[in-house]
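Single-structure report; data block below.
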Amino acid sequence: MSAYLFPPPAVAALPVTGQQARFPINRIFCVGRNYAAHAAEMGADVDREAPFYFTKSAAAVMESGGVLAYPPGTRDLHHEIELVVAIGAPAFRLSKARAMEVVWGYGSGLDMTRRDLQARAKAAQRPWDLGKDFEGSAVLSALTPAATFTPRAQRIRLQVNGAARQDARIDEMVWSVPELVADLSHYYHLVPGDLIMTGTPAGVGAVNPGDRLTGSVEGLVPVEVTLGPAD
């Protein structure tokens, strides 16, 4: 039995609809600019040659329904509602035709973003880590097994304090779920527990302490979070 200098972090995991067992999280891959309208509102063009990615650590995970303290270092926190894909089998160099074989399930997620820090990094041509990967920046719903959900043209929406902010369909994604899974598998050995946050539609915007965010992908468990004051 291994001895550690200090207790290792707890395993990040999500509830699963209809089951007692939880889904343990390994890595989180996030897709950038996967809706053309969102790319346009951010002043960018869609790269149709290949998708691009950034990552969040498992320490960024926050289960839906909690209170997220307004994160440090920012004055411009934004919401981004996304379809989340959960990988349930090893995958390496898959074809698009076989990609769905390794998808275990789906969820709704919020990619919370320190937009001012992201913009500063973009301007300096530096990585986005400070803007994207921080505690609570991946707010995730319970997962639904793939046997009961197939991505088609379901609506993806987000409300802040009951007012609509984002409203689109997931078939508006530039890169589909099988295309994303296949592409990632040519750069990583995907394993059970990996998640893919597939990008956000147009309508992102700032949120403030006291705001209540409710996001959903039609047919999946909604994701909810309330913003608390800064720590």
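Computed from a predicted structure; not experimentally measured.
Without hydrogens or angle criteria, Ser137 side chain to Met112 main chain gives no donor-acceptor distance under 3.5 Å. Between the side chain of Arg114 and the backbone N or O of Pro72, at least one donor-acceptor pair lies under 3.5 Å. Side chain of Gln154 to main chain of Arg152: a donor-acceptor pair is present (N/O by atom type, distance under 3.5 Å, no hydrogens or angles). With hydrogens and angles disregarded, no donor-acceptor distance shorter than 3.5 Å links the side chain of Asp116 to the backbone of Thr74. Side-chain N or O atoms of Thr198 include one that pairs as donor or acceptor with a backbone N or O of Leu83 at under 3.5 Å.
In summary, the side chains of Asp133 and Ser57 do present a donor paired with an acceptor at a separation below 3.5 Å, with no hydrogens or angles considered. Checking His78 against Gln118 by side-chain atom types alone, no donor-acceptor pair falls below 3.5 Å.
Residues passing the salt bridge (charged side-chain N to carboxylate O under 4.0 Å, His left out) test with Asp171, sequence neighbours excluded: Arg169. Under the side chain to side chain donor-acceptor pair (under 3.5 Å) criterion, Asn208 pairs with no residue at all, not counting sequence neighbours. Under the side chain to side chain contact (heavy atoms under 4.5 Å, CB included) criterion, Thr55 pairs with Phe29, not counting sequence neighbours.
Chaining together hydrophobic side chains whose heavy atoms lie under 4.5 Å apart places Val84 alongside Leu14, Val16, Phe23, Ile25, Ile28, Val61, Trp104, Leu140, Leu143, Leu195, Met197.
Residues Met100 and Leu180 fall within the same hydrophobic cluster, defined by Ile, Leu, Val, Met, Phe, Trp and Tyr side chains chained together at heavy-atom separations under 4.5 Å. Residues Leu110 and Val221 are members of separate hydrophobic clusters, defined by side-chain heavy-atom contacts under 4.5 angstrom among Ile, Leu, Val, Met, Phe, Trp and Tyr. The hydrophobic clustering, which links ILVMFWY residues whose side-chain heavy atoms are closer than 4.5 Å, places Leu158 and Leu227 together.
Remark: Asn34 CG to Ile196 CD1 distance equals 11.0 Å, nearest 0.5 Å. If you take CZ on Arg98 and NZ on Lys96, they are separated by 16.0 Å, rounding to the nearest 0.5 Å.
Taking the side chain as every heavy atom from C-beta outward, Gln159 and Ser216 never approach each other to under 4.5 Å. In this structure, the side chains of Arg157 and Ile81 stay at 4.5 Å or more apart for every pair of heavy atoms. Ser64 places none of its side-chain heavy atoms less than 4.5 Å from the side chain of Val225.
Sorted by first then second residue, the salt bridge (Lys or Arg N to Asp or Glu O under 4.0 Å) pairs that include residues 207-223, not counting sequence neighbours, are Arg212-Glu224.
The existence of a salt bridge linking Glu80 and Arg165 is excluded, since no basic side-chain nitrogen approaches an acidic carboxylate oxygen closer than 4.0 Å. Note on Asp194 versus Arg27: salt bridge recorded, some NZ/NE/NH1/NH2 to OD/OE distance being below 4.0 Å. The residues Lys56 and Glu135 are annotated as not salt-bridged, no charged nitrogen and carboxylate oxygen being separated by less than 4.0 angstrom.
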Show me the donor-acceptor pairs within less than 3.5 Å that the side chains of residues 181-188 make with the rest of the protein, sequence neighbours left out.
{"residue": "Asp183", "atom": "OD2", "partner": "Tyr53", "partner atom": "OH", "Å": "2.6"}
{"residue": "Ser185", "atom": "OG", "partner": "Arg93", "partner atom": "N", "Å": "3.4"}
{"residue": "Ser185", "atom": "OG", "partner": "Leu94", "partner atom": "N", "Å": "2.9"}
{"residue": "Ser185", "atom": "OG", "partner": "Ala182", "partner atom": "O", "Å": "2.8"}
{"residue": "His186", "atom": "ND1", "partner": "Ala182", "partner atom": "O", "Å": "2.7"}

Step by step, would you call Val204 with Gln166 a side chain to side chain contact (heavy atoms under 4.5 Å, CB included)?
CA-CA 7 Å; Val204 302; Gln166 295 180 268; 3.7 Å; yes
